[in-house]
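A quick note: this is a predicted structure, and the numbers were derived from the prediction, not measured. Naming: A, B, ... by sequence-line order, numbering from 1 per chain.
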2 protein chains.
Amino acid sequence: MSIRRERKDAIEHRKLILQTALQLFDKHGVQPVSMHQIAKTAGIGQATLYRRYAHKGDLCMDMLQEYAKQLTDEIDELLVSSQSLPALDRLSGIMNKWIDAIEEKFGLIVAMESKMSCEDERGNFFHTPMYRYFRDKMASIFAEIHATKEHAADPEMAAHALICSMSPIGYFHMKQEKGYSTEQIKEQFRRLCEQYLA
Amino acid sequence: MSIRRERKDAIEHRKLILQTALQLFDKHGVQPVSMHQIAKTAGIGQATLYRRYAHKGDLCMDMLQEYAKQLTDEIDELLVSSQSLPALDRLSGIMNKWIDAIEEKFGLIVAMESKMSCEDERGNFFHTPMYRYFRDKMASIFAEIHATKEHAADPEMAAHALICSMSPIGYFHMKQEKGYSTEQIKEQFRRLCEQYLA
DNA sequence: TGGTTAAACGGACAATTGTCCGTTTAGTGT
DNA sequence: ACACTAAACGGACAATTGTCCGTTTAACCA
């Protein structure tokens with residue numbers, strides 16, 4: 001007896017759900033669209049939707065996966081082409097990509113973060129492959145520098161702190177309050193890194 | 001005709017709500033307690049509760065206010081008594097107080113942050129007096145140092161980034177993943193600051 | 001003290017989220 | 001081909017969140 005693979009109808013439903021959700025989100029924004037509405041529009045039962053996605057945040061996360069793949073690929077390329085540049089430039093390159101991403105996918109990211117039940121230990125951003133990817137890449141850059149230092153913070157800790165400081169809500173808050181353009185905020189983060197690495 | 005002040009019964013209800021919520025939260029934790037349950041237990045209508053607090057996050061925030069006042073007072077004292085110490089020690093002192101606070105009030109803070117509807121521009125942590133207090137104090141310490149530097153990041157930006165990096169969920173994630181004790185994580189943050197200030 | 005009025009009240013009513021359970025169906029082995 | 005079974009299905013149900021609106025009441029002023 002072999003392992004049952006995912007049923008054909010299940011695969012189709014998965015695609016149908018993502019496609020329907022995408023259309024509704026594009027039309028009305030993320031927050032106003034309810035799970036009931038998504039199920040109704042897709043013509044499936046609500047339980048079918050919930051069986052696949054525990055909540056809207058979970059659905060958003062899946063929608064972001066595809067984008068995340070594209071993003072990490074771009075960063076991989078960038079890191080190859082800039083491998084001979086100083087650490088600061090490489091770090092700043094990664095962060096700029098991240099900033100572009102939150103500018104583009106703000107609604108999805110915020111919905112994901114806010115709906116992810118925080119009691120459920122495995123359900124937040126810090127357990128996504130994307131977080132891990134970013135942290136690893138940034139930590140390895142920090143490690144190059146920190147190795148030469150006494151009393152330096154753990155590279156993963158430094159990377160973690162930097163990632164946290166670029167979470168969407170805080171990012172937009174600062175941008176609005178100080179009236180920074182996207183380019184100005186990128187420059188600010190670059191300077192922060194510069195101080196970190198100095 | 002003078003300005004109507006808050007009605008006597010309204011003041012009593014406010015106190016009753018906070019007291020009831022505190023008891024229920026102590027007994028069952030923050031998340032499992034519903035707004036309906038709070039209203040029922042307090043013996044008031046649900047609308048009365050919602051008129052005062054838009055959602056559970058709002059209620060948590062009010063419950064944190066008192067604690068926040070105490071916290072900022074402690075920090076003010078600390079800053080006076082340590083005013084002749086180096087910037088690093090003062091900064092680190094503030095952060096340690098903050099870390100103690102999130103260790104103690106984790107449930108309330110997370111409930112507040114996650115329930116604060118992110119669409120509502122004025123409803124997140126970054127609009128609280130506490131955030132502003134922390135950012136101002138830390139920024140003024142950064143300003144002492146940054147003044148002597150070329151190309152330094154905006155002090156408020158640096159303070160903001162540091163505050164973000166100490167948000168409760170990220171804090172506990174890192175603590176658990178790396179298996180740090182509270183003291184070890186404080187030391188890590190101290191080293192991060194050291195690099196910032198160096 | 002008594003009338004006026006704005007504010008507070010709370011039960012009942014939506015809307016949304018999340019779950020149960022009896023039914024259907026696609027895959028597997030004979 | 002056919003029966004069997006595990007998985008998927010979805011409507012109906014429960015719980016929670018959030019709102020409406022007619023009623024009550026405390027503060028103000030004459």
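In the set dG10(C), dT17(C), dC9(D), dC9(D) carries the atom at the smallest distance from any side-chain atom of D9(A). The side chain of S34(B) has dT17(D) as its nearest neighbour among dT17(D), dC9(C), dC20(D). Checking dG18(C), dT17(D), dA26(D) against the side-chain heavy atoms of K8(B) singles out dA26(D) as nearest.
As rounded to whole Å, 13 Å separates atom C1' of dA7(D) from atom CD1 of I11(A). If you take NE2 of H55(A) and C1' of dT19(C), they are 15 Å apart, rounded to a whole angstrom. Put simply, CD1 on I44(B) is 10 Å from P on dG11(C), counting in whole angstrom units. Here the C1' atom of nucleotide dA8(C) and the OH atom of Y50(B) are 18 Å apart, to the nearest Å. Atom CD of Q46(A) and atom P of dC20(C) are 14 Å apart (whole Å). One atom, CG of L49(A), and another, P of dA8(D), lie 15 Å apart when rounded to the nearest Å. Look at CD on Q37(B): it is 14 Å from C1' on dT17(D), rounded to the nearest Å. Taking atom NZ of K40(B) as the reference point, atom C1' of dT16(D) lies 13 Å away to the nearest angstrom.
In this structure, F106(B) has its ring center at least 6.0 angstrom away from the ring center of Y171(B). For H55(A) and Y50(A), the ring centers sit 6.0 Å or farther from each other. For an aromatic pair to be called close, the ring centres must be under 6.0 Å apart, and H173(A) with F125(B) fails this.
T48(A) comes within 4.0 angstrom of a base, heavy atoms only. Note on A10(B): only backbone sugar-phosphate atoms sit closer than 4.0 angstrom, heavy atoms only; bases stay farther off. Looking at heavy-atom distances under 4.0 Å, R14(A) makes no contact with the nucleic acid at all.
For dG10(C), its base sits under 3.5 Å from the side chain of R51(B) at one donor and acceptor pair at least. Scanning atom types as modelled, one donor and one acceptor separated by under 3.5 angstrom connect the side chain of R7(B) and the base of dA7(C).
Under the 30°/60° scheme for interplanar angles, the aromatic rings of Y131(B) and H160(B) are found to stand perpendicular.
Annotation: of the two residues near DNA chain D, A47(B) and G43(A), the 5′-most nearest-nucleotide partner is G43(A).
Within the 3.5 Å criterion, the main-chain N or O of R135(B) finds no donor-acceptor partner in the side chain of E156(B).
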